[in-house]
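The next block holds one structure in the form of structure tokens; read it before the comments.
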Amino acid sequence: HTESHTAARCAGFWLGYHDYGELSAYLETDTSDIERASAFRAVALRIGAIPPTDIDTFIANQRGQMISLMDAVIYRRDRASQRVFEDLTDTCDRLAQMHPETRALR
């Protein structure tokens, strides 16, 4: 994957995280999740040579997958999913530090 896809995946992660929070009694929602997703989308659009519609389609796909990931981590306490979650949050944190759109979202 390109760095643009990674940024788009992070956008999908934060949208899915927010969606899961709205569905789950185990996780609270936070409007900053939507802001993070929007900032990562902006990074993906700026650094990628991918049309915006393709980025948005990729984000939407990731969003659905992230809802399933969050369910596996929080509800089912699946260890493999927990590792994926930790790797993804680390990747998104590192990427956020590299771009002006996301640097302030800590």
Side-chain angles (χ1 to χ4, degrees):
H1 283 294
T2 65
E3 191 172 334
S4 179
H5 274 100
T6 302
R9 188 167 192 218
C10 293
F13 168 79
W14 285 110
L15 290 171
Y17 187 91
H18 183 80
D19 292 347
Y20 188 78
E22 290 187 335
L23 300 170
S24 171
Y26 302 104
L27 188 68
E28 291 187 25
T29 58
D30 185 343
T31 56
S32 67
D33 299 339
I34 301 297
E35 294 170 22
R36 284 184 185 92
S38 181
F40 277 109
R41 179 184 179 273
V43 170
L45 291 172
R46 178 176 56 79
I47 66 175
I50 304 165
T53 53
D54 290 353
I55 290 286
D56 290 337
T57 298
F58 185 81
I59 290 171
N61 184 10
Q62 292 296 303
R63 183 179 193 167
Q65 291 179 25
M66 296 308 157
I67 294 169
S68 296
L69 177 66
M70 294 308 302
D71 188 60
V73 169
I74 293 173
Y75 184 69
R76 291 184 282 129
R77 298 182 186 268
D78 178 72
R79 287 195 168 170
S81 297
Q82 180 68 36
R83 283 191 296 276
V84 170
F85 174 83
E86 290 169 1
D87 289 347
L88 185 56
T89 55
D90 288 346
T91 297
C92 293
D93 283 347
R94 281 193 306 278
L95 184 65
Q97 295 171 23
M98 298 168 55
H99 297 281
E101 297 92 337
T102 51
R103 199 171 290 130
L105 294 175
R106 304 212 116 242

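Here the structure is a predicted model, which means the values were calculated and not measured.
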Practice task
Answer whether the closest heavy-atom distance between the side chains of Ser4 and Ile55 falls below 4.5 Å.
Solution key: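 Yes, side chains in contact.
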Handout entry: Worked check of side-chain contact (heavy atoms from CB on, under 4.5 Å) between Phe58 and Ile50
Key = CA-CA 11 Å; Phe58 185 81; Ile50 304 165; over 6 Å; no
Handout entry: Ser81 side-chain N/O to Arg77 backbone N/O, donor-acceptor pair under 3.5 Å
Key =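 A pair under 3.5 Å: no.
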Practice task
Keeping the roles fixed (side chain from Thr89, backbone from Glu86), state whether a donor-acceptor pair exists under 3.5 Å.
Solution key: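 Side chain of Thr89 to backbone of Glu86: a pair is present.
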Practice task
Take Arg9 and Met66 through the test side-chain contact (heavy atoms from CB on, under 4.5 Å) and record every step on the way to the result.
Solution key: CA-CA 9 Å; Arg9 188 167 192 218; Met66 296 308 157; 3.7 Å; yes
Given the rule that I, L, V, M, F, W and Y join up when any side-chain heavy atoms are under 4.5 Å apart, are [X] and [Y] in one cluster?
X: Phe13; Y: Ile34; result: no
X: Leu88; Y: Ile59; result: no
X: Phe85; Y: Ile67; result: yes

When rounded to the nearest 0.5 angstrom, what distance separates [atom1] in [X] from [atom2] in [Y]?
X: Ile74; Y: Leu69; atom1: CD1; atom2: CG; value: 9.0 Å
X: Leu23; Y: Asp71; atom1: CG; atom2: CG; value: 9.5 Å
X: Cys10; Y: Glu3; atom1: SG; atom2: CD; value: 10.0 Å
X: Thr102; Y: Trp14; atom1: OG1; atom2: CH2; value: 12.0 Å
X: Glu22; Y: Asp33; atom1: CD; atom2: CG; value: 9.5 Å

Will you find, in the side chains of [X] and [Y], an N or O donor that is under 3.5 Å from an N or O acceptor?
X: Gln97; Y: Asp93; answer: no
X: His5; Y: Gln62; answer: no
X: Arg36; Y: His18; answer: no

All N/O donor-acceptor pairs, side-chain side in residues 38-45, below 3.5 Å, sequence neighbours left out:
residue: Arg41; atom: NE; partner: Asp56; partner atom: OD1; Å: 2.6
residue: Arg41; atom: NH2; partner: Asp56; partner atom: OD1; Å: 3.3
residue: Arg41; atom: NH2; partner: Asp56; partner atom: OD2; Å: 3.1

Problem - Residue pair Met70, Gln65: steps toward the side-chain contact (heavy atoms from CB on, under 4.5 Å) verdict - result: CA-CA 9 Å; Met70 294 308 302; Gln65 291 179 25; over 6 Å; no
Exercise for the section: Please test Asp78 against Val73 for side-chain contact (heavy atoms from CB on, under 4.5 Å), starting from the C-alpha separation and ending with a verdict. Expected result: CA-CA 5 Å; Asp78 178 72; Val73 169; over 6 Å; no
